[in-house]
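Taking it in order: structure first as structure tokens, then the write-up.
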Number of protein chains: 2
Amino acid sequence: MSKNTRADIDIQVANELVRRALMSCGANGDIAQSVAASCIDAQREGSDGGGLGGAIDYCNALRAGRVQGSLPHRSERPALALFAVDAAEGFTHPAFDAEFEALCDTTREVGVAVFGLRNGYASGSLGYYVRRLAERGLVALAATNAGPALVAASGSKEPVFCTNPIALGVPRDNTYPLVIDQSSSQTAMANLRIAADNGHDIPDNWALDSNGQPTTDPAAALNGVLLAFGGARGANVALLVEMLAAGATAANWSLEAPSYIEGEQSPGTGLLVIAIHATLLAGPQMARRIDDYLNQLRERYGAYIPGERRAANRDRQTDSLSVNTAMLNALRNLAGAD
Amino acid sequence: MSKNTRADIDIQVANELVRRALMSCGANGDIAQSVAASCIDAQREGSDGGGLGGAIDYCNALRAGRVQGSLPHRSERPALALFAVDAAEGFTHPAFDAEFEALCDTTREVGVAVFGLRNGYASGSLGYYVRRLAERGLVALAATNAGPALVAASGSKEPVFCTNPIALGVPRDNTYPLVIDQSSSQTAMANLRIAADNGHDIPDNWALDSNGQPTTDPAAALNGVLLAFGGARGANVALLVEMLAAGATAANWSLEAPSYIEGEQSPGTGLLVIAIHATLLAGPQMARRIDDYLNQLRERYGAYIPGERRAANRDRQTDSLSVNTAMLNALRNLAGAD
């Protein structure tokens, strides 16, 4: 059976499978349920890597001790609209879930609130956090970093940032929210490996070689450093994300963070989410007005609206998920292994 | 006398000159003082275009009626931490100044606050707003849009966004704050004109021609549309800014905004500023830790830290400003013309 073979699986069955696999690897029930929900959400969006693949990564991280599966996070409210969370080397999803209703309520009451997490594991899809807030009618902005450092700063020849995604969620009337969710790097490390495996050149703006020179050779790039998208301006976006995610939360800088994909230590990631009750600024027609605008952008100007493909996948896969069978089998093995 | 001749002028004299020029063109005393302060700040940073040049642009906009110089802005507090401002077709600076102390106090008390302005004139340097908040120890993020539309969306061949800058200000210990302040476009329209005047080609990622094709011909680009920096990801940053600046404030979309450089109508710009009392999340050592990190980025990794040149200019020009004499003479004429 090819590793690209796919199978359909009932969504509840898939959720239960992921939950049991996480528990077999050391997560307690609440934590496993929260993390499984995020994986199933990513799979619904059509992402094998974030879906069942993400679940396998999480299982491996639990077994290696890079993420704690049973310690509770610690939460403080140092001010009315600030949620300060120490994830205790655990997942970010259960900590976010635990504060989610209070975060929504506070944002509605005060107008804006901030969830700032440190000492966490890699956050998975950043769109997941902002979309959930946008589904409650809130405008949400999020930033996260993680280790290891992979991406150069403006002017640097060595990696200092992780891929540092930024995400925005905005409510629309009549349809799913707008979700912008993108990394600050021009490409992912995985794409260098694919090019190297296939003997293909890469574009000269993807990476620098170990001498700090632009390269089209994927092997040289794998020994070098990823570039941010869009040159110095994109590198500044990576720095902006680093400041919000790690500077404003006292999380590990990407530079000092242990890897989230190998070793036994927690990456100590930071995650900052800002939620704004913007209808109080823009008026009750805000979501309608944004929906009209985005429809105009697409229909009259031919613009690509970020996130629409993922949202359409989610709409379609409400009962049953299309999954990679190799990943499915790997999870079945993990789930049966306790 | 060459148009590039420069003169030194006492900073108080320059401020008074700008203030009088604005009043001669229809601004009342409070509004003129607030706008003049922002121009002098930009000139201190070494920006002729934002400094005395900005003052001349504002005078022209006052005379043409694109900006109101005497109507008070209207301010509401629809929630404890939201400042909702209708600029009444006026400048953004006086409205921001009027709310600044309350914005700082509220951010300290609640942990975060948002200033959302609609119906304004072009905001000038966005770094000005976030830097002032960072000087008070707050982490600040800002976004603004304006008309006319100049920049393509991802996939569009026509302009839909203005240059849509985003800015972040972060406090540092011992030195001026970090200020990231950059537009979402790959270049400014002015650089197309300079290339056209000098008969130079432009890079093929600056603009599309009127057929929606990349071009190296500046004349073709001037009939076409500017591109965002960094392809689709940069265009998404422009969309993110549009959502924060206009979607969350009910300001004019760049698409529907009259020009801020010609005509008689207000561009109806939006400006959103988020201020976060992040030391409550990150601890009292936050500014020290950020300063150490940025020093390490520069000294050990050779990274370019955005805004340091401007900050050094400001440090140097505390008493006397180096200004373009043609601009100085133009302002003297404007100031004497009432």
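Here is the naming used below: chain letters follow the sequence lines, and residue numbers restart at 1 for every chain.
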Practice item. Step by step, work out the side chain to side chain contact (heavy atoms under 4.5 Å, CB included) result for B:Leu297 and A:Leu239. Key: CA-CA 10 Å; B:Leu297 274 196; A:Leu239 176 60; 4.1 Å; yes
Is chain B contacted by the side chain of [X], its backbone, both, or neither, given a heavy-atom distance below 4.5 Å?
X        : answer
A:Thr279 : neither
A:Glu76  : neither
A:Glu256 : side chain
A:Ala287 : neither

Out of curiosity, [X] [atom1] to [Y] [atom2], how far, rounded to the nearest 0.5 Å?
X        : Y        : atom1 : atom2 : result
A:Leu240 : B:Leu168 : CG    : CG    : 4.5 Å
A:Met286 : B:Thr249 : CE    : OG1   : 10.5 Å
A:Ser156 : B:Tyr301 : OG    : OH    : 9.0 Å
B:Leu80  : A:Glu109 : CG    : CD    : 8.5 Å
A:Met243 : B:Leu141 : CE    : CG    : 13.5 Å

Check your understanding: Just by distance, with hydrogens left out, do B:Ser183 and A:Arg233 show a side-chain donor and acceptor under 3.5 Å apart?
Key ->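 Their side chains do contain a donor-acceptor pair, which is all the 3.5 Å distance test asks for.
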Practice item. Tell me the residues of residues 143-150 of chain A whose non-hydrogen atoms fall below 4.5 Å from those of chain B, in number order. Key: none
